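Only one structure is covered here, and it is reproduced in the block below.
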Amino acid sequence: MSSALLLVPDFSLILIGWLLVRYTSFDRGFWGGVERLVYFVLFPALLLQSTNSAKFDFSSTSAMLALALATMAFGMVTGYLVKYVLRPDPIDFASGLQTAFRFNSYIALALAARLGGSEGLAMMALVVGVTVPICNIVAVWALAKHGESKLLRELARNPLIVATATGLVTNLLGLHPPEVIAMTLGRLGSASTALGLMTVGAGLQLSGATGSVGPMAWWTGVKLLAMPCFAWIVGRHLPLTTLQYQIAVVYAALPTASSAYILAVRMGGNGPMVAATISAMTVAAVVTTPVWLSLVS
């Protein structure tokens with residue numbers, strides 16, 4: 001029960017977004033603008049600030065990072081296998097593959113803060129800082145390979161990759177912004193969590209899944225069941241603290257990133273199918289995430 005209650009505030013914000021888009025004048029056009037604001041401004045500010053200010057003790061967190069990276073690689077490989085098992089349409093495959101291993105950073109950072117306060121937030125920021133660039137590179141590569149986009153150009157234009165890389169590099173070099181700028185970035189980042197979660201709810205839609213149900217179910221199973229199971233089993237044999245173990249398993253159990261839809265649409269992929277997959281995973285995660293959290297609490 002305590003694990004389920006821990007998730008109530010964050011999933012409540014998703015529900016609020018879903019209710020607002022359906023029963024108020026804040027329609028999808030409004031939320032589309034909010035989502036772009038979060039994706040291009042607010043969330044990059046959060047990633048930049050959190051990775052720049054976090055105290056990265058790689059000696060004590062190396063096992064947690066190794067588990068997160070191994071889990072991510074496991075998700076990529078098992079997600080890719082659908083190409084040979086179900087043989088989806090090439091565009092559907094290129095668009096949906098990212099949903100098997102990308103994760104919703106809004107939910108990640110919110111849950112990490114509830115689990116371990118500032119320490120949990122710093123740990124998740126480290127995981128986000130290391131995994132987000134790799135996840136985005138693979139996602140952009142898959143879409144660029146099947147489209148007309150150039151990989152390096154898309155990577156250079158991705159705000160999440162740019163913000164995370166900038167934060168990590170400046171942190172490692174010992175470069176930190178003046179307090180007034182850091183506070184401004186902090187305010188922008190704080191706004192991203194609540195708005196980001198509400199945009200997830202506002203974007204929930206299951207249309208567009210016709211002809212793609214098999215691959216969608218495969219990627220959902222990989223993200224919500226196979227990946228957290230992998231992290232849960234392997235993590236038991238690693239020298240992790242309780243909080244590190246929780247952070248790694250929660251990271252693995254998160255639903256896919258809502259920004260996957262934006263990337264798919266911008267690069268000419270199957271946007272409706274990705275939106276439907278995101279929605280299905282987010283709704284299912286309301287049930288699966290508390291279960292995985294209870295196993296490591």
Side-chain angles (χ1 to χ4, degrees), residues 10 13 17 30-56 68 72 98-99 101-113 118 121-141 143-144 149 151-173 175-200 202-203 251 254-267 274 278:
D10 302 310
L13 289 174
F30 169 83
W31 287 105
V34 173
E35 187 172 35
R36 288 191 295 273
L37 175 66
V38 173
Y39 182 74
F40 288 103
V41 180
L42 302 183
F43 196 52
L46 175 63
L47 289 176
L48 176 60
Q49 172 64 9
S50 60
T51 52
N52 177 266
S53 61
K55 296 179 180 179
F56 295 147
M72 177 191 67
Q98 59 178 319
T99 64
F101 55 83
R102 293 184 69 187
F103 61 98
N104 194 305
S105 301
Y106 309 138
I107 301 176
L109 294 172
L111 292 184
S118 58
L121 185 61
M123 287 183 184
M124 187 62 82
L126 177 58
V127 172
V128 169
V130 172
T131 58
V132 160
I134 301 173
C135 287
N136 280 274
I137 287 170
V138 174
V140 170
W141 168 81
L143 281 161
S149 302
L151 177 60
L152 292 180
R153 183 182 65 183
E154 290 298 329
L155 294 178
R157 293 169 53 187
N158 189 290
L160 307 186
I161 294 178
V162 172
T164 305
T166 302
L168 282 173
V169 170
T170 53
N171 189 329
L172 295 175
L173 292 176
L175 302 175
H176 303 284
E179 184 177 359
V180 63
I181 296 179
M183 291 178 64
T184 301
L185 290 173
R187 297 289 190 275
L188 290 171
S190 297
S192 74
T193 302
L195 283 176
L197 291 172
M198 285 193 288
T199 59
V200 171
Y251 154 76
L254 293 165
T256 196
S258 56
S259 55
Y261 169 75
I262 298 176
L263 182 65
V265 170
R266 205 179 69 176
M267 295 186 66
V274 174
I278 294 169

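Quick caveat: nothing in here was measured; it's all calculated off a predicted structure.
- Residues meeting the ring pair (Phe, Tyr, Trp, His ring centres under 6.0 Å) test with F43, sequence neighbours left out: Y106.
- Note that CG of N104 and CG of L109 are 9.5 Å apart. Values are rounded to the nearest 0.5 Å.
- Shown here for S192 and L46, the closest heavy-atom pair between the two residues is OG-CD2, 3.4 Å.
- Minimum interatomic distance between F40 and P159 (heavy atoms only, all atoms of both residues): CD2-CG, 3.7 Å.
- Interatomic distance, CE of M198 versus CD of E35, reported as 13.0 Å (0.5 Å rounding).
- With sequence neighbours left out, A110 forms a side-chain contact (heavy atoms from CB on, under 4.5 Å) with D10, T193.
- Residues A112 and M124 approach most closely at CB-CB, 3.4 Å, considering heavy atoms.
- Residues meeting the side-chain contact (heavy atoms from CB on, under 4.5 Å) test with A45, sequence neighbours left out: L185, L188.
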Output side-chain donor-acceptor pairs under 3.5 Å for residues 130-140, partner residues at least two apart or in another chain, one line each.
unit_1	atom_1	unit_2	atom_2	d
T131	OG1	V127	O	2.6
N136	OD1	R102	NH2	3.3
N136	OD1	N158	ND2	3.4
N136	ND2	V132	O	2.7

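- Between L111 and L254, the closest heavy-atom pair is CD1-CD2, 4.1 Å.
- T166 is linked by a side-chain contact (heavy atoms from CB on, under 4.5 Å) to L48, V162, T170, counting only residues two or more places apart in sequence or in another chain.
- Residues that satisfy the ring pair (Phe, Tyr, Trp, His ring centres under 6.0 Å) test with Y251, not counting sequence neighbours, are F103.
- For residues 175-184, every residue pair satisfying the side chain to side chain donor-acceptor pair (under 3.5 Å) rule, not counting sequence neighbours, is listed here: N52-H176.
- In this structure, S258 and I278 approach most closely via the heavy-atom pair O-CD1, 3.7 Å.
- Partners of F30 by ring pair (Phe, Tyr, Trp, His ring centres under 6.0 Å), not counting sequence neighbours, listed by chain and number: F26.
- Closest of all the heavy-atom pairs between A264 and V274 is CB-CG2, 3.8 Å.
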